[in-house]
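Structure first, then comments.
Atoms within each ligand, like the ligands themselves, are counted from 1 in listed order.
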Amino acid sequence: AQGSVTASPSQYDGEYDCPVTVGTPGVTLPLDFDTGSSDLWVFSSELPASERSGHAYYTSSSSSTSKLDSGETWDISYGDGSGAEGNIYIDKVTIGGITVTSQAVEAAESVSSEFVSDTSNDGLVGFAFDSINTASPNHVQTWFGNAEAQLASPVFTANLKKGKAGNYNFGYIDSSEYTGSITYATINSANGFWEFSASGYAVGSGAFSSQSIDVIADTGTTLIYLPAAIVKAYYAKVSGSSNSASAGGYIFPCSATLPSLTIGIGSYKAVVPGTFLNYAPNTGSTCFGGLQSNAGIGLSILGDVFLKSQFVVFNQGVPKIGFAPG
Ligand SMILES: C[C@H]1CC[C@H](NC(=O)Cn2ccnc2)CC1
């Protein structure tokens, strides 16, 4: 089998949400596909009505195929301080025409204010490795982990776009979605992430600096977070830029022309256009950068600002990750 699903950007490409059908009869929810986590959770009828407002949700008792996963709970916290928790049902989940008949559906009993106010999604689908799934006392498998048995190849691809719909594909690599060839990096999944070593960076037309940068590919994170020294070198080329405590990161005049950012993957030079690095208006005539420092995070993240400039192959069989111009 193979499948494909549309990925729709929220405002400022903050996240990319895809339709996922759960239960019988199916309820279709826009879920945030997140390669940085490994829980599939949904807004549910078990939430207080105040926390469901503005959201569609899953009602397990209305699904003839749902079965309580007795004794199992989940509780997730994300790097941005948001979180959710609840209990678990086993039910049918279909994405892009591929149905997993016994998927652990983590039903929310409580969600943080960030999720209540983010009405672009009604939950998340984690596409990282099972080791960081939060279900307790036993891990549950990701949807992709369960779907793999149906796929010709243990791969999914991300074809995210700036300001318009893209797509995720499952089980195949569509050569019409990229140009040139795909360059792969080995994945170290020990921390449960799509983690690999980038080979260096360049700012605009400047010299490429060869250095190993440990990064994760995370569709659930909006921006790019890199070591402070690299970020400082980038904004040194942006006149009027500053690292603003009040804004929570680097800002610059919205009239600035931003240099591109090149990230090395092996010998492949992945170029993020300068226009992608003006993330969104801040206050007044300042704008907030799509590249920020990883200080305090503990790792570097290639989030949507980077990923939407590329065609990305996530191969869970090896595991390895591949990049080509989108
Ligand atoms: C400082 C950074 C802030 C953003 C963090 N990313 C996330 O929290 C990803 N995520 C998933 C669900 N909701 C959000 C990574 C650290």
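For K67 and D91, the salt-bridge test fails: no basic side-chain N is under 4.0 Å from an acidic carboxylate O.
Here the heavy atom of the protein found nearest to atom 10 (N) of ligand 1 is G220 O, 3.4 Å. The closest protein non-hydrogen atom to atom 7 (C) of ligand 1 is T221 OG1, 3.7 Å. Among protein heavy atoms, the minimum distance from atom 3 (C) of ligand 1 is reached at Y225 OH, 3.8 Å. Protein heavy atom at the shortest distance from atom 1 (C) of ligand 1 is I297 CD1, 3.5 Å.
Neither the backbone nor the side chain of D32 comes within contact range of ligand 1; no heavy atom lies under 4.0 Å. If you look at D34 next to ligand 1, the close heavy atoms, those under 4.0 Å, all belong to the side chain. Here D80 has heavy atoms under 4.0 Å from ligand 1 in both its backbone and its side chain.
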Under the side chain to side chain contact (heavy atoms under 4.5 Å, CB included) criterion, do L226 and N294 qualify, and how do the steps go? CA-CA 5 Å; L226 291 175; N294 74 0; 5.8 Å; no
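Checked by distance only, ligand 1 and Y78 stay at 3.5 Å or farther apart across all their nitrogen or oxygen atoms.
Across the listed options N294, I301, L124, I301 owns the non-hydrogen atom lying nearest to atom 15 (C) of ligand 1.
Remark: aromatic rings of F156 and F314 are close, center separation under 6.0 Å.
In K237, the NZ atom is not crowded: 12 or fewer heavy atoms of neighbouring residues, nucleotides or ligands sit closer than 6.0 Å.
Between F306 and F323, the ring-plane angle classifies as perpendicular under the 30° and 60° cut-offs.
Among F196, Y225, W194, the single residue meeting the side chain to side chain contact (heavy atoms under 4.5 Å, CB included) criterion with L302 is F196.
Side-chain contact annotation: T28 with T21, donor-acceptor N/O pair under 3.5 Å present.
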